[in-house]
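Let me begin by presenting the structure, written as structure tokens, before commenting on it.
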Amino acid sequence: HQAYTIEVEGAGEAEEEVAEIPFADVYALADAGAGERLWRQCQACHKLETGANGTGPYLANVVGRPKGPAEGYSYSTAMADFPGEWTPEALNEFLISPTGYIEGTKMNYRGMPDVEDRANLIAYLETAGG
């Protein structure tokens, strides 16, 4: 990342702005193998077998499916009513901060701050399922 210092008049101290690489560019270079290692922290609540719900819904074939349809899982109203599909971009936004993306979600996870980690995990999820 390149950082730029921007002087703000009257602020007293410089604020740093980091130029962010678009997620699509990071995702294009994602490593599913590295994502598989990151998956371990998700396994406490999620499984990759279709229909095998845990504390959270199963995530087999999650990439590209509509939000909130895992059979047999009791979603929060916020999640069940949230429109759209779990595209890689939507998963990226959700994993930054689940409660920031869908206020009222039951997912009690503080988020994954590193964009490369999120891209790698999503790449792994795209290959995993069954």
Side-chain angles (χ1 to χ4, degrees):
H1 292 279
Q2 286 187 309
Y4 301 93
T5 301
I6 299 171
E7 294 294 332
V8 179
E9 207 172 305
E13 61 184 61
E15 289 188 29
E16 196 177 275
E17 184 177 303
V18 177
E20 190 141 330
I21 299 166
F23 176 73
D25 294 353
V26 178
Y27 190 61
L29 302 172
D31 177 356
E36 185 174 10
R37 290 187 291 280
L38 291 162
W39 166 253
R40 291 185 190 130
Q41 63 185 293
C42 311
Q43 287 178 306
C45 297
H46 296 283
K47 295 183 178 22
L48 287 173
E49 297 83 42
T50 299
N53 294 309
T55 302
Y58 68 85
L59 296 180
N61 306 308
V62 69
V63 180
R65 83 179 183 207
K67 295 178 179 133
E71 196 174 316
Y73 185 74
S74 177
Y75 286 97
S76 63
T77 303
M79 180 67 80
D81 292 347
F82 205 84
E85 294 185 346
W86 284 122
T87 62
E89 293 75 16
L91 284 162
N92 175 57
E93 292 297 318
F94 185 66
L95 288 169
I96 291 170
S97 171
T99 55
Y101 185 66
I102 300 178
E103 191 176 340
T105 182
K106 294 193 296 189
M107 184 158 163
N108 186 16
Y109 175 65
R110 68 177 177 267
M112 186 175 283
D114 187 89
V115 67
E116 288 180 8
D117 285 350
R118 293 190 307 270
N120 291 341
L121 176 61
I122 295 163
Y124 173 68
L125 288 173
E126 198 162 29
T127 66

Mark yes when over 12 heavy atoms from residues, nucleotides or ligands other than N108 sit less than 6.0 Å from its CG; otherwise mark no.
-> no

Assign the ring pair Y75 / Y73 to parallel, tilted or perpendicular, where the plane angle (0 to 90°) is split at 30° and 60°.
-> perpendicular

Apply side chain to side chain contact (heavy atoms under 4.5 Å, CB included) to Y124 and L48, showing your working.
-> CA-CA 11 Å; Y124 173 68; L48 287 173; 3.5 Å; yes

Decide whether a cation-pi geometry holds between R65 and Y58; the criteria are a distance under 6.0 Å from NZ or CZ to the six-membered ring centre and an angle within 45° of the ring axis.
-> yes

Apply side chain to side chain contact (heavy atoms under 4.5 Å, CB included) to the pair F23 and I122, showing each step before the final yes or no.
-> CA-CA 11 Å; F23 176 73; I122 295 163; 3.9 Å; yes

Once you round to the nearest 0.5 Å, how far does CE of M107 lie from OG of S97?
-> 10.0 Å

Supply the atom-to-atom distance L38 CG to R118 CZ, rounded to the nearest 0.5 angstrom.
-> 11.5 Å

Roughly how far apart are L95 CG and L125 CG, rounded to 0.5 Å?
-> 8.0 Å

Any chance you could measure Y109, atom OH, to H46, atom NE2, to the nearest 0.5 Å?
-> 10.0 Å

Where is the tightest heavy-atom contact between A123 and A30, given as atom of each residue plus distance?
-> CB-CB, 3.7 Å

Cluster link V115 to L29, ILVMFWY, side chain under 4.5 Å = no

Distance-minimising heavy-atom pair for W86 and G68 | NE1-N, 4.3 Å

Donor-acceptor under 3.5 Å (K106 side chain, M79 main chain) | no

Euclidean distance, D117 CG relative to R37 CZ, rounded to 0.5 Å | 10.5 Å

Could you go step by step and tell me if F94 and T105 meet the side chain to side chain contact (heavy atoms under 4.5 Å, CB included) rule?
-> CA-CA 10 Å; F94 185 66; T105 182; 4.3 Å; yes

For M112, the option from I96, N120, N92, L121 that meets side-chain contact (heavy atoms from CB on, under 4.5 Å) = L121

Output for pair (E71 CD, N53 CG), nearest 0.5 Å, gives 9.0 Å

What is the minimum heavy-atom distance between V26 and A119, and which atoms define it?
-> CG1-CB, 3.7 Å

